[in-house]
There are 2 protein chains.
Amino acid sequence: MAQLARPGASRRITIRDIALRAGVSVSTASRALNGKPDVSPQARARVLAAAQELNYMADAYARTLAGGRSRTLGLIIPNNGDSFFAQLARGVADAATAHGYSIIVYNTNESSELELQAHQLMLARRVEGVLVASVESGAPPLARLLEAGLSCVLLNRRLDGLQVDEVLSDYEEGAYQATAHLCALGHRRIAHVTLEGDRYSVRTRLAGYRRALEEQGIGEAPELIIRYSRLPLLYERILQALPALRPRPTAIFAYNDLCCVPILRALQDLGWKVPEDISLVGYDDAEFAAWLSPPLTTVAQSPYDVGVKGTEVLIERLESPSESQGAKKLVLKPQLVVRQSSAPPSTATTQRDT
Amino acid sequence: MAQLARPGASRRITIRDIALRAGVSVSTASRALNGKPDVSPQARARVLAAAQELNYMADAYARTLAGGRSRTLGLIIPNNGDSFFAQLARGVADAATAHGYSIIVYNTNESSELELQAHQLMLARRVEGVLVASVESGAPPLARLLEAGLSCVLLNRRLDGLQVDEVLSDYEEGAYQATAHLCALGHRRIAHVTLEGDRYSVRTRLAGYRRALEEQGIGEAPELIIRYSRLPLLYERILQALPALRPRPTAIFAYNDLCCVPILRALQDLGWKVPEDISLVGYDDAEFAAWLSPPLTTVAQSPYDVGVKGTEVLIERLESPSESQGAKKLVLKPQLVVRQSSAPPSTATTQRDT
DNA sequence: TTGAAAGCGTTACCAA
DNA sequence: TTGGTAACGCTTTCAA
């Protein structure tokens, strides 16, 4: 009696146990358990029954060590607490689970040092492939991962000089659509409120914004690019920046829906009515966007879908390594959702259709 | 030439490689790598150097299989895409990383079937402990996990009939504070807008709401509990339910900040000014709460902290199994954040201080 | 302080 | 169709 040091630290049930109980060898048990062909129906039945009775779970570590495959994917991401990346991660998790893979997540905070650590961890944990949404450290570290035999898929990031699969939602196109929508309504003085810095999501939106303006022959107006560093400071920033603009902008294209909340408030405090005095277009189609006052025109994109698609691309590459030689590029189109925060400018002077 | 089947599928660098290069045995290499005492300084230095030069990473699978410890924690969670759980998961990830653990996440969608699968996965993956924020399947499956030698910590959930650590933010207390705040302002007719169903987070808020009312001698008014099933339906629900109430409620305590967005809109369309005609208090202190019109009074809680604390409790239990015999209960207090959406009722008749 | 050898639980390769 | 045996890469006795 009193065998157990820790109560509950019971011995693991191994394949030997079930082989014994089924009256077959370990090899036969293994084959039966894995659905391999060369097993007699009777043997298979007995093995499966034994496994059931003993509630047997194959040890993933032993299995991987012996067989090679870990059925694990890595996800390298700036911050899984951020709602955008959380949804992307959810897409990855769902797709991975559906195909029988586990995923291991590493947060980098977009620090290149932590990215390097993430790569080490992926190697140690024998992931079969990596989904990368954080590439501050650039191409060479990723190239090393590829050399080590891992497949990689870039999510919502681009990296020049590396032949690697990419899945991304087209920010440039989304920003273009948002801005073009405002142009089509007759706006010609359109501000862009965005984050400071030059990260991918900022750069691409800016590019789409510019393309739409150029297409209309609207010249660059640097003072219309309003930058903020952190959300809590945006309200003040708007309050100070907007009234200083001459002539007044008649529309704003904002970085995302979240930042539209303080913008709306600032506009209200400024006494500028939306959309009568100024139009506002966001990005993301956040859950609350439809319920703001006024309901927000925005660009719907699906980080969830990027996660799902990216994972599917990765798994396909893992499971049929011969096919699909070249790097695959998948671009998910965002979609403009027109609600009530955008309308023609009230001052008809700038309208094109009059 | 042309040795590599897949270009890049290079052979793994093992401990034998570094033992060879350092001119010691595998055992000595292992000891040196793991910082064990019985190694001569010279041997240790040579081993470490070799490891560095070859960019050696110990194989987590082999290490776990041989040594027992996986340094992996499981996280069982309803939905890592939801912003609340995403932040909780971030807390878990940060704390785990800080202590050298990896985490593996499983989404259950609060389905008891998926929970059971999650448990199987945890067993297969040899996690050392599990953080559980989804317990639809009840106590027995969790008891089985404990029997298998895993430590468990419940996050933001309670489970009777099981001696297990718990870390939770006190919804009941938060709801109490929110409601008591409204009472103190003089409100006596306070509606509670909440989700349908009886999940933990709903039940506990309701309890806190009731306790505050009782304390004031305000009787139960079932018609003041307004339920909604999904966010997109809430706006209509409010529009239809509020005007029907006699006498009018002078305040609303809502399930969370997100649902305050459509509520605010409905109130506006109803022509009820906040806070002049009706006060509104949310829950969560979401990023946007301070920027709504008016800025939202709410209850700040930190799912991130729950994740961090829960992970620390778990790791402590793993690393000093002898200590801390009894189940540990950690309750994080929420904090009321008073902004401008709550004020005394304008009809002075119900005020207490007059 | 060192090294040889025996596992850890599984799969894969051969013979039988 | 089966079972023995050799890996997989590492840690951990146990002698030396």
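Every chain is numbered from 1, with letters handed out A, B, ... down the list of sequences.
Pairs engaging residues 77-90 of chain A under the salt bridge (charged side-chain N to carboxylate O under 4.0 Å, His left out) rule: A:Arg90-A:Asp94 [sequence neighbours left out]. The stretch residues 114-161 of chain B participates, sequence neighbours left out, in no ring pair (Phe, Tyr, Trp, His ring centres under 6.0 Å) pair at all.
Between chain A and DNA chain D, the heavy-atom contact criterion of under 4.0 Å yields a 5' to 3' nucleotide range of D:dT1 to D:dG9.
Residues satisfying the side-chain contact (heavy atoms from CB on, under 4.5 Å) test with A:Ala86, not counting sequence neighbours, are B:Ala86. For B:Gln87, the side-chain contact (heavy atoms from CB on, under 4.5 Å) criterion is met by B:Ser83, B:Pro303, not counting sequence neighbours. Residues that satisfy the side-chain contact (heavy atoms from CB on, under 4.5 Å) test with B:Leu330, not counting sequence neighbours, are B:Val167, B:Lys309, B:Val313. Taking B:Arg31 as the reference, nothing meets the side chain to side chain donor-acceptor pair (under 3.5 Å) condition, with sequence neighbours excluded. Not counting sequence neighbours, the partners of A:Ser302 by the side chain to side chain donor-acceptor pair (under 3.5 Å) test are A:Asp305.
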Could you walk me through whether B:Leu168 and B:Leu154 pass the side-chain contact (heavy atoms from CB on, under 4.5 Å) check? CA-CA 8 Å; B:Leu168 37 89; B:Leu154 243 40; over 6 Å; no
Name every donor-acceptor pair, under 3.5 Å, that has one atom in a side chain of residues 58-68 of chain B and the other anywhere in the protein, sequence neighbours excluded.
unit_1	atom_1	unit_2	atom_2	d
B:Asp59	OD1	B:Tyr61	N	2.6
B:Asp59	OD1	B:Ala62	N	3.1
B:Asp59	OD2	A:Arg126	NE	2.4
B:Asp59	OD2	A:Arg126	NH2	2.4
B:Arg63	NH2	B:Asn34	OD1	3.4
B:Thr64	OG1	B:Ala60	O	2.9
B:Thr64	OG1	B:Arg69	O	3.1

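At a cut-off of 3.5 Å, with distance as the only test, no side-chain donor of A:Ser134 or A:Glu110 sits close to an acceptor on the other residue. Inspection of the B:Thr28 and B:Ser25 side chains reveals an N or O donor paired with an N or O acceptor under 3.5 Å.
At its two ends the helix from C:dT1-D:dA16 to C:dA16-D:dT1 runs along axes set 40° apart, each axis drawn from five pairs and the angle rounded to 10°.
The side-chain heavy atoms of A:Leu48 and A:Leu33, taken from C-beta on, include a pair separated by under 4.5 Å.
Taking a 4.0 Å limit (strictly below) on heavy-atom distances, residues 41-52 of chain B does not reach DNA chain D anywhere.
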Which parts of nucleotides 7-16 of chain C does protein reach within less than 4.0 Å, heavy atoms only, written one letter per nucleotide 5' to 3' as B for base, S for sugar-phosphate only and - for none? BBBBBB----
